[in-house]
Amino acid sequence: MTNDVNNEGTALTELEAWYNAGWIRALDLNLARFLQAEQVTDERVLVLAVLLSHQVGRGHVCLPLKELFGSPQLLLNLPPAHSRFADDEHEIVSPLQLLTRLGVTTDADLAGALSACDGVADSPQTDAVTPLVYQHGALYLRRYWHYEARIASALQKRMQVSGPGSLTPDIAAETLQQALDELFPHAADSTTSSATGIERVNWQKLACANTLRSRFSVITGGPGTGKTYTVVRLLAMLQRLAAEPLRIRLAAPTGKAAARLKESISNALHEMQQSTELSEWQQVLQRIESDSSTLHKLLGVQQGTRKFRHHRGNPLSLDVLVVDEASMVDIELMDATLEALPAHAQLILLGDKDQLASVEAGAVLGQLCQGAEQGGYNQQSFDYLQSFSDTPLPDFLRAADGPSYLQHVVMLRVSRRFDGRSGVGHLAYAINAGDSKRAAQLLLGSQAAGASHEQQTANSFSDIAVLQSTGTEAVSQRQLFAQQQPALTEDLRRLCVQGFSGYLQQIKQRPDAQASDGDIDTWARSVLAGYSNFQLLTPVREGEFGVAGLNAQIERWLKAALQTLKKTAAGEAEPLQPPLATEKGNGAAQASEQWYEGRPVMVTENDYSLNLRNGDIGMVLVSPRDGRKRVVFVDSDNTLRWILPSRLREVQTVFAMTVHKSQGSEFTHTVMVLPEQDNPVLCRELVYTGVTRAKKQLTMVVPDWHVFHQSIQRRTLRAGRLHL
Ligand SMILES: Nc1ncnc2c1ncn2[C@@H]1O[C@H](COP(=O)(O)OP(=O)(O)OP(=O)(O)O)[C@@H](O)[C@H]1O
C-alpha cells in the first residue's frame, strides 16, 4: 500500500478544507482519519473513502467510479462552498482536481489504486475484514456491500419459479383463470373509451397472476392505481388456492404508513364483503386480517442494538408478507426483512417507484422497478401474462434480454383517484416526465408559464392552484423578487389562516367536564381529523419557506385565533414540568406558552417507553375533564392516548412538515411550498412525492419559477448495484 505521489499530507489538508467549506460532514472526514490510523496511507484511497462516506450520507449505497469521472457534479451534488474560515488564500479544489493532483486521470487508475490497497477487498471471496470493498466498478463501505450482496442472493432464490413446496402447488391454469375472472370481472383496468392499448390491459389481474410464479413479486403504481384493491384480491386468491390456510402479515416502514395500510385494507375488504359478485369468496375473506404493523415491530426491535429478534436463526412465523410503501424501506431494513423471512414464504412489495427513496441509504424498490414502464418481459413472462389477459399485450413490453427482476414486477398504470379531470393527476404526470414547462402551464392555466403577475392564478383545473411571486423572467432578478415577496407572504398568510380555521373551530366545540369519555374522544378525534385536512409541506428545513421558518410564521399568523381558544378552555394556570427537551423552557409560564392549545406536534425520535415513533403526530388539547393540557395521539390500533407534554422528549411544531416526513400520508388540501433559492436537495422525486400527498386540493407556492423548473429537472438516481 504505497503512495506513489510525491505530495504527502496534501490530501488530508484538502479534505479538511472540504469540511470547512461545508461540502462534507465531520463523519466523512473522520473516516479518512480512521483509515489512516489503520495504515491506509494511499491518499487516493482516502479521498475516495471520504467521497463514498459523503454519498452514503446522501442515501447512496456505493460510489461508482465511472460516474465519478463521467459526471462528478451530478453524482456528488456538492453544494456551493460556504467556507467557515473565509480563507481566500486557500482555494478549494474540486474532487477531480484533487484526484488529478494525486496522479489519477481515469477510473482505471482508481481501480488500480483500490486493488493494490490492503484496506480494500476487491473479491467477494476474500475472508479479510476490510473496511472497504471494491466490486462491480464501485466502492462500498463493507456494511453496505454486505447488505446488498445478501439482498441480491435472497431475492435470486425467491425469484426461482415456484416448484414443490410452494404455497400454491400444482394449480391448474384453468383454476387460476377462473379465480382471476371472478375477482376481476371487468375486462380492463380502465373502462374509458379513450383508453390506450396499455390502459386497456387489466394490470391488476396480471399482477395477481404474476405473483404465483415465484416467492417474490412487486406491484408498483402511482397514487390510487389500485395497489390495495389488487393486493386484497391477491390475498384472497392465495388463501383460496393454498393447500393449508395461510398466515398472512401486513407491514409498512413507518407507523403512519402501517395505520394507513390497515385502514385501506379493511375498506377494501369491506367493499368485497358487500359485493354480490363475490358471494363465493366470503369464507376466504374471513381469513384475511387487516391488522398491520411496522416492519420494526414485526421483526422485533432489540433496544439499543441494530439487531432484531427475528433473523435467519429465528424466522418469522408467516407464509405471506405484504410490505406497503416499500420505496421507504432502506437497504438495512430490507436486508433484515429478507433475513427473517422463512424460505417458503411469499414476499409481496407494494409501492410507488417514483416517490422519494428512504431517508437512510438504499433504493431497493427503485432498482427493482428500473425499466418497468417498458415492461421488460422476456418471452416466457410475456406469454404467461398474455395467457391471463383479455386484451393483447402491447408488443413493446417484450424484451428478449429483459432483466430477471423485471419478470417479477407489474406496474399498475391507471389512477382511479386522479382521473382525466384531475389537475393533481395531470401535474403529477408532467412532473414525473420531467416536463417542468407543462407542469408550470398546468398551474398557470392556459397562460404561458410566468406570463401572469396575478398572485393567485385561476386555471382550468379547480383542484390545483398556485401562489407565486411574479413571472418567470422577473423573479430571476433577486431585487425584484424581494419586492414581490411581501405579497406572496400575505397570500400565504390568508391561505393558512383559512386552512387551519377548521380544526381551530373544532377545538372550540369542547364538551363540558361532565361529558362521557366517548364524547371527549369523539371531540379529540374530530380535531385531529380537521387538522389533517390541511397541511403545508416543504422540501427544506432552513429559510423563510423551510420547516422552521414556516412553523414560526404560522404560529404568529394564528396567534389571534389561538388566543381565543384560551378563553374557551377551562384550566389555564396549570404548571407544566420543564424542561422540555427540544424547545427548552425556563419555567412554567414559558412551558405553558410553548404548549399552547391547538399546537400540532410531531415526534422526531422514537420513544419506546411511550410507544411513540418518529413521525407520529399529536395535538395539544385542554382536557375537558381536569382542565390540564395533554397531547392527544391516535395509536396504530385507532385508540386515543392523552400524554402529558412534560413526558414528551423530542417534538416539533408541525403546521408545516418536510416532504420526507409526509411520505405515506395524504391530506385533503396539501400546500407544497418551494424555497426561494435553489438547493441540491430539490429534485423531481421530491416534488412528485409532495404533490401526490394531495387528496382533493393542491396549492403550489412558487417564490421563484427558476427553482420550480430546476427542481423538476433534477433527478436523484441513487447509486446501488443489486446484481439480479
Ligand atoms: N379495478 C377497480 N375497480 C373499481 N374500483 C377500483 C379498482 N381499482 C381501484 N379501485 C378503487 O380506487 C380507489 C383507489 O384504490 P387503492 O386504494 O387500492 O389504490 P392505491 O394504489 O392502494 O392507493 P394509494 O396511493 O393510496 O396507496 C379505491 O377506492 C378503490 O376501491
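Indexing begins at 1, ligand by ligand and atom by atom, following the structure's order.
- Less than 4.0 angstrom separates some heavy atom of Pro223 from each of these atoms of ligand 1: 25 (O).
- When only modelled atom types and interatomic distance are considered, Ser436 and Gln713 share a side-chain donor-acceptor pair under 3.5 Å.
- No donor-acceptor contact under 3.5 angstrom links the side chains of Gln355 and Thr689, judged on distance only.
- Listed by number with element, the atoms of ligand 1 under 4.0 Å from a non-hydrogen atom of Glu271 are 31 (O).
- Atoms of ligand 1 found under 4.0 Å from any heavy atom of Glu666, numbered from 1 in the order shown, are 26 (O).
- Considering backbone and side-chain N/O atoms, Arg417 comes within less than 3.5 Å of an N/O atom of ligand 1.
- The heavy atom nearest to atom 26 (O) of ligand 1, out of those in Met272, Arg260, Lys695, Glu325, is found in Arg260.
- Between Tyr377 and Phe382, the ring center distance fails the sub-6.0 Å criterion.
- Annotation: ring pair (Phe, Tyr, Trp, His ring centres under 6.0 Å) contacts of Phe655 (sequence neighbours excluded): Phe500.
- Residue Val466 comes nearest to Leu443 through the heavy atom pair CG1-O, 3.6 Å, listed as atom of the first residue, atom of the second, then distance.
- At least one heavy atom of Gly224 sits less than 4.0 Å from an atom of ligand 1.
- Here atom 19 (O) of ligand 1 lies nearest to Gly226 when heavy atoms of Gly351, Gly221, Ala257, Gly226 are compared.
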N/O donor-acceptor pairs under 3.5 Å from side chains in residues 659-666, not counting sequence neighbours:
unit_1	atom_1	unit_2	atom_2	d
Lys661	NZ	Asn614	OD1	2.5
Ser662	OG	Val659	O	2.7
Gln663	NE2	Leu356	O	2.8
Ser665	OG	Lys256	NZ	3.3
Glu666	OE2	Arg260	NH2	3.1
Glu666	OE2	Arg417	NH1	2.6

